[in-house]
Protein chains: 2
Amino acid sequence: MFSKACEYAIRSTIYIAEQSNLDKRVSITDIAKAIDSPEAFTAKILQQLSKNQIIDSIKGPNGGFSIEKKNMRNLKLSQIVLAIDGDSIYKGCGLGFKECSEKQPCPVHNKFKIVRDELKYMLENTTILELSLGLKEGLTFLHR
Amino acid sequence: MFSKACEYAIRSTIYIAEQSNLDKRVSITDIAKAIDSPEAFTAKILQQLSKNQIIDSIKGPNGGFSIEKKNMRNLKLSQIVLAIDGDSIYKGCGLGFKECSEKQPCPVHNKFKIVRDELKYMLENTTILELSLGLKEGLTFLHR
DNA sequence: ATAATAAAAGATAATTTTATCTTTTATTTA
DNA sequence: TAAATAAAAGATAAAATTATCTTTTATTAT
Ligand code: FES
Ligand code: FES
């Protein structure tokens, strides 16, 4: 579904959000441990998230990554997916044509569209805040 | 969503089904032209489909690929996806954990599950026959 | 039997994705 | 100002996916 990079991006963001809610900034090392991901690769992904203003990053001692509380409830899953994987997952053609077209639909178009639109809706209406709350409450997990 | 290999597999199968409905066997060259795919790569994929008994293949002159008419309406999209990409698309965890778990759910589990189950339902209830009919009737297209 | 046809099988190559390592830049603290 | 900390940037490497090319096997028609 998503690329590895995007999976790590989502996991990282949720973890950063959880920690930011506790007013804690987190380092790459912390994050990679918390979400069980390759540290250097995760660092690259966090750079992209930072450039896309999805997370904040501060260099130097007491630095690290964070998300402003006031932004959390407006930050949607779709923004992370867009920043890392682009929009093809919920806009592209299921059979790989250059673009999905209503006028020249591929054979799976009508069936696929429904699922894809539901995915789109889910991504656009799920906030990082709500995902981080489930984590905080011990209902969900970032590693096993 | 699907790998390139899987996209070509689906496109190929639909095309073969359409032609089999006209009692025509088709060669790799035909297929690659019809679905606009790299021929040699497509050949490899058709080998897998043949091994998985999704399509029939006959060597030699007048040979080629086909699907028995009586099998077409029982052949589901899910079987093709399973043969090429495996079942992770509709069984796996959205955040890449080894397996999706109800007991130790990842943060997106409850949201993701709904979309994934709908995808699963769609794949398991869409037949190659119906997809090939849309093509035959000129309502859908295998290339642009 | 021989030649022609077409897929299967095997080997190799290109590209993309995933991952790691090294150097640089920014910031803080002593 | 110097040392320590932590991310950014750049270079490189490993693995997976996508793609191509060559050889072999099966089948048909002459
Ligand atoms: S054209 Fe293929 S999904 Fe719309
Ligand atoms: S545990 Fe991640 S989707 Fe179920």
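Values below: all heavy atoms of this structure, side chains included; hydrogens, waters and symmetry mates excluded. Convention: sequence-line order gives letters A, B, ...; per-chain numbering from 1.
- Taking atom CD of residue B:Glu39 and atom C1' of nucleotide C:dA6, one finds them 11 Å apart after rounding to whole Å.
- Judged by closest nucleotide on DNA chain D, A:Leu46 is the one of A:Leu46 and B:Ala5 placed further toward the 5' end.
- Checked by atom type and distance alone, the side chain of B:Arg11 never pairs as donor or acceptor with a backbone atom of A:Pro107 at under 3.5 Å.
- Screening B:Glu130, B:Glu124, B:Met122 for a side chain to side chain contact (heavy atoms under 4.5 Å, CB included) involving B:Leu77 leaves a single residue, B:Met122.
- If you check every strand for non-hydrogen atoms under 4.0 Å, A:Ser3 touches sugar and phosphate atoms only.
- Checking the phosphate oxygens (OP1, OP2) of D:dA19, a side-chain nitrogen or oxygen of B:Tyr8 falls inside 4.0 Å.
- With rounding to whole Å, B:Ile45 atom CD1 is found 13 Å from C:dA8 atom P.
- For a distance-only test at 3.5 Å, the side chain of A:Lys4 fails to qualify as a donor-acceptor partner of the base of C:dT18.
- Around atom NZ of A:Lys120, no more than 12 heavy atoms belonging to other residues, nucleotides or ligands sit under 6.0 Å away.
- Looking at B:Thr127, its side chain never comes within 3.5 Å of a backbone N or O of B:Asn74 through a donor-acceptor pair.
- In this structure, CZ of A:Arg25 is placed 17 Å from P of D:dT5, rounded to the nearest angstrom.
- Taking 4.0 angstrom as the limit, B:Lys51 places none of its side-chain polar atoms (N or O) nearer than this to OP1 or OP2 of C:dA7.
- Listed pair A:Asn62 / D:dT5 fails the phosphate criterion, with no side-chain N or O lying under 4.0 Å from OP1 or OP2.
- Of the side-chain N and O atoms in B:Ser57, one or more sit less than 4.0 angstrom from OP1 or OP2 of C:dA8.
- For B:Ala40, whose side chain is taken as the heavy atoms from C-beta onward, the closest listed nucleotide among C:dA19, D:dC21, D:dT28 is D:dC21.
- Atom CZ in A:Phe65 sits roughly 18 Å away from atom P in D:dT5 (whole-Å rounding).
- One atom, CD1 of B:Ile58, and another, P of C:dA8, lie 11 Å apart when rounded to the nearest Å.
- In this structure, A:Lys59 places its NZ atom 12 Å from P of C:dT28, rounding to the nearest Å.
- We find that A:Arg144 and A:Asp36 are not joined by a salt bridge, their nearest charged nitrogen and carboxylate oxygen being 4.0 Å or further apart.
- Scanning atom types as modelled, no donor and acceptor separated by under 3.5 angstrom connect the side chain of A:Gln47 and the base of D:dA7.
- Counting atom types as modelled, B:Lys44 pairs no side-chain N or O with a base atom of C:dA8 as donor and acceptor under 3.5 Å.
- B:Ile28 has its CD1 atom 14 Å from the C1' atom of D:dA26, to the nearest Å.
- For the pair B:Ile16 CD1 and C:dA7 C1', the interatomic distance rounds to 12 Å; values are reported in whole Å.
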